[in-house]
Amino acid sequence: MEGIQLATQVTPWLASGRTLFLIIHLLGITGFAYIVAMRLVPLLRAQRDLRFDRPLARVGKVLKFGLAQWKHPRYRVAGILHIFIFAGFICLVIRAFYVLIVGVSENFVMPGLSGEAGHVYNIITDYAATVVFLCMVIAIVRRLVFKPARYAVPEKFGKAHTADAVFLLALIAVLMLADSLFSAARAAGQAQQGQTVEVLAAWSLPWMLKSLLASSSLSALKDVYFGAYLLHEVTFYFLLCYRPFGIQFHVETSLFNLYFAKLERGTVKPVRYGVSDEHLDQVKSFGVKTFEDFTWKHMLDFYSCADCGRCSDNCPANAVGRPLSPRFITTKARDYAFQHYPMFGKSTNHQPLIGNLYSEDEIWSCTTCGACEEECPLLVEYIDKIVDLRRGMIDDGNVPQSLQKPLKALESRGNPYGKMEKKRADWANAKEFRQTCPVKTLDGKNHADTLYFVDSVTSYDDRMQSIGRATAKILDHVGENFGILGTAEKDSGHEVRRFGEETLFMALRDHNVDAIKASGAKRIVTADPHAFNALKHDYKDMPPVEHISQVIASEVKSGKITFNAVENGKDVYTYHDPCYLGRHNQIYDDPRNVLDAIPGLKRVEMSRSRDRSFCCGGGGLAMFYEPKEEERMGVKRVRMAAEAGANVIVTACPFCMVNIEDAIKVAGMEGKMTAIDLAELTEKQMMRESRVLETKGTVEIQQESVAGR
Ligand code: SF4
Ligand code: SF4
């Protein structure tokens with residue numbers, strides 16, 4: 001710094017640069033503090049949200065999804081760009097503070113960064129500023145020239161934020177340029193006066209700018225030095241204060257959003273945090289009706305969205321042209337918050353959201369598949385918000401026509417079809433089946449270790465009853481002492497809850513909990529991922545629950561289940577991950593391991609599989625809902641299977657089976673494509689005459705017959 005006047009000393013038109021910079025600091029910090037305080041106002045008026053538990057798990061989320069940028073590489077180009085930008089920012093944080101302070105305290109040195117350590121750090125920051133600058137240029141070109149489709153904003157969802165995004169990217173580029181110019185002018189001045197020149201990283205932006213400035217006069221260098229500093233200060237504080245007005249607010253909020261993110265998958269938030277089920281009757285109104293009915297965390301989600309469009313890009317409802325695109329659930333709410341909670345003047349609120357911000361169809365279009373949440377790099381939540389908005393509509397008596405009948409039926413008969421309770425176990429009473437596989441009803445007279453929870457679709461849908469029979473045969477084959485609840489079972493209520501009918505859900509749940517407890521079973525098995533999810537996450541104090549795919553996989557491993565080779569070696573199978581088995585419960589490998597254990601079975605993966613699986617369209621009572629859409633989700637899914645080269649779709653969910661079989665017909669692919677449930681396929685392929693002899697902890701298997709069953 002010697003030999004060239006410090007920025008604080010070269011103010012030709014003010015008595016002291018220090019005073020100018022001090023004023024800029026004070027204005028910038030005060031402005032930012034005021035803006036953030038105003039942004040916090042709606043959060044303070046929002047509903048409670050209990051997110052202060054398990055701090056270690058929460059810090060883990062911040063480290064994984066924040067610092068390690070876990071989800072970003074799922075979109076290669078944008079993800080890698082973001083990782084570079086984020087890493088650059090991390091490197092530049094200390095430098096930013098240093099540069100800010102040096103304007104008012106010219107001899108300031110960051111503690112720990114004097115001498116060699118300081119030189120190394122300066123080299124790192126030279127490269128970091130260069131990388132961030134280049135990333136900004138690439139990002140601007142991507143936005144303006146290549147225009148990735150997911151950034152587009154269809155007219156029905158509002159205005160595009162491209163100009164705002166480009167402006168902010170350009171501001172960051174200017175900040176990097178100003179910082180680099182500041183270093184370059186100082187180094188060039190030092191060189192001109194024959195002093196020790198601060199080393200600049202070779203081929204970095206400051207290094208290149210220094211080369212450009214090498215022949216400038218000393219007084220010009222002083223002006224550049226001062227000008228670059230001033231530009232840096234003004235841009236820094238402008239950015240800081242401007243970001244909370246747009247999509248870049250996520251820079252400030254995202255780490256908090258990650259810390260307070262939901263920890264349990266598959267769950268739905270309570271109607272009101274802190275209000276027990278017994279006291280729900282004292283809650284004046286259920287769900288979200290106005291903006292202030294959202295919880296503070298959900299509002300933080302709105303602020304934290306980076307508008308990257310990944311959620312909508314993966315949303316099946318959006319893909320088939322339903323009036324729902326999750327990104328806009330967030331951006332519309334954020335715009336609402338900005339508009340109704342202005343920086344100056346009173347907040348104007350309490351406007352009903354449905355009919356103003358969101359349409360009814362938009363909110364009913366969601367299948368609660370979870371693809372949006374799985375994809376979001378900032379862990380923005382959607383299902384809870386959508387369920388809460390539905391609760392609000394239900395509370396106002398606003399139920400879609402097509403769902404009124406199944407809901408009434410669930411209330412009166414415990415199943416959405418309105419069929420007689422006494423027919424619930426008919427699938428197990430078919431004479432031929434009963435002769436080969438008698439199924440006990442755990443009615444107090446009969447007892448069993450394992451309860452097979454069947455749920456409504458498998459119990460009443462003629463086609464899906466085959467899944468029930470296959471499941472029973474598998475349990476029987478592996479020697480499980482099992483039974484069903486029979487007429488004592490009611491719908492698990494899983495869909496009812498996600499549809500927003502909390503009171504009905506609670507009635508169904510309480511009935512089933514009593515029946516399950518009375519059965520005395522120590523373990524529950526189900527072949528329905530929706531029932532599985534409900535029993536695991538929506539019910540409390542239940543015995544351990546397993547999905548049949550887990551049971552089969554473990555019995556294949558133990559050797560109790562072995563398979564005959566597939567009859568037709570030409571068939572190509574693909575596995576469709578049901579949302580409530582895969583994304584919501586992370587069971588991806590067990591079903592695949594079972595398929596891979598079948599000799600001769602060829603299996604391919606669809607382009608969208610595992611945690612990127614594409615919903616068949618069956619979740620959240622959607623099976624009974626008639627949405628506005630251009631194409632059925634199931635049809636799209638069947639086409640994906642065909643594109644992967646498969647002609648047999650295996651799934652592990654009766655809801656998926658209903659939708660996929662229907663979609664095969666709609667797509668005109670009958671004869672070319674078939675669908676089968678994993679339990680059905682297992683039952684079809686397993687060797688029947690196995691005798692399982694358990695001796696001293698080991699399992700011996702005699703396979704007497706291989707074929708023909
Ligand atoms: S849960 Fe599924 S259907 Fe609903 S908004 Fe998210 S991605 Fe779309
Ligand atoms: S919610 Fe998440 S995935 Fe969707 S646009 Fe916002 S940041 Fe991107």
Side-chain angles (χ1 to χ4, degrees), residues 65-66 69-72 74-75 78-79 82 148-153 157-158 160-161 165 246-251 253-254 257-258 261-262 265-266 268 298-335 358 361-390 495 498-500 533 577-580 582-584 608 611-622 625 627 629 632-634 636-637 659:
F65 298 104
Q69 300 273 286
W70 199 257
K71 297 216 171 170
H72 280 278
R74 290 165 74 95
Y75 278 73
H82 195 275
R150 71 191 155 91
Y151 293 145
V153 182
F157 293 121
H161 295 97
I247 61 170
Q248 285 267 347
F249 198 20
H250 80 272
V251 175
T253 60
S254 55
N257 208 50
L258 294 175
K262 190 171 182 170
R265 288 171 179 268
V268 169
H298 289 168
M299 292 188 187
L300 188 62
D301 276 350
F302 299 144
Y303 288 165
S304 303
C305 170
D307 209 10
C308 67
R310 293 177 185 212
C311 50
S312 295
D313 202 27
N314 285 274
C315 170
N318 183 40
V320 298
R322 291 190 186 184
L324 166 67
S325 181
R327 168 190 173 198
F328 302 109
I329 295 282
T330 294
T331 54
K332 286 193 286 184
R334 179 172 54 206
D335 291 347
Y358 306 125
D361 286 338
E362 188 175 3
I363 301 307
W364 294 122
S365 285
C366 175
T367 65
T368 70
C369 74
C372 49
E373 298 188 357
E374 188 70 43
E375 208 60 45
C376 179
L378 296 163
L379 308 187
V380 168
E381 293 155 22
Y382 281 103
I383 295 173
D384 280 351
K385 291 182 194 123
I386 285 172
V387 168
D388 250 349
L389 283 158
R390 289 174 175 178
E495 311 316 300
R498 278 138 194 90
F499 172 77
N533 195 66
D577 292 273
C579 305
Y580 277 97
R583 262 192 298 269
H584 289 291
R608 289 193 58 172
D611 63 1
R612 266 194 172 155
S613 181
F614 189 87
C615 178
C616 69
L621 268 194
Y625 177 58
E629 58 190 1
R632 287 196 197 176
M633 288 181 195
K636 234 185 170 44
R637 191 55 169 161
N659 280 288

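Order of listing sets the numbers, starting from 1, for every ligand and every atom in it. Computation of the quantities below employed the complete heavy-atom set of this structure, encompassing side-chain atoms and omitting hydrogens, waters and symmetry-equivalent molecules. Throughout, numbering of the chain's residues begins at 1 and tracks the sequence.
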Any donor-acceptor N or O pair under 3.5 Å, side chains Asp307, His161: yes
Tyr625 versus Ser365, side-chain donor and acceptor atoms under 3.5 Å: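 No, because no side-chain N or O of Ser365 sits under 3.5 Å from a partner of the opposite role on Tyr625.
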Glu362/Lys332 salt bridge by N-O under 4.0 Å criterion: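 Glu362 and Lys332: salt-bridged.
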Under-4.0 Å salt bridge between Lys262 and Asp384: yes
In terms of atom number and element, which parts of ligand 2 are under 4.0 angstrom from non-hydrogen atoms of [X]?
| X | answer |
| --- | --- |
| Gly309 | 5 (S), 8 (Fe) |
| Asp307 | 5 (S), 6 (Fe) |
| Cys305 | 1 (S), 5 (S), 6 (Fe), 7 (S) |
| Val380 | 1 (S) |
| Cys376 | 1 (S), 2 (Fe), 3 (S), 7 (S) |
| Ala306 | 6 (Fe), 7 (S) |

Nearest protein heavy atom with distance in Å, relative to atom 8 (Fe) of ligand 2: Cys308 SG, 2.3 Å
Heavy-atom donor-acceptor pair, [X] side chain to [Y] backbone, under 3.5 Å:
| X | Y | result |
| --- | --- | --- |
| Arg322 | Pro627 | no |
| Arg390 | Ile363 | yes |
| Asn533 | Gly266 | yes |
| Arg327 | Arg150 | yes |

Listed once per pair and sorted, the salt bridge (Lys or Arg N to Asp or Glu O under 4.0 Å) pairs that draw on residues 367-380, sequence neighbours left out: Arg74-Glu375, Arg265-Glu374, Glu375-Arg612
Cut-off under 2.8 Å, centre atom 6 (Fe) of ligand 1, protein N/O/S atoms: Cys372 SG
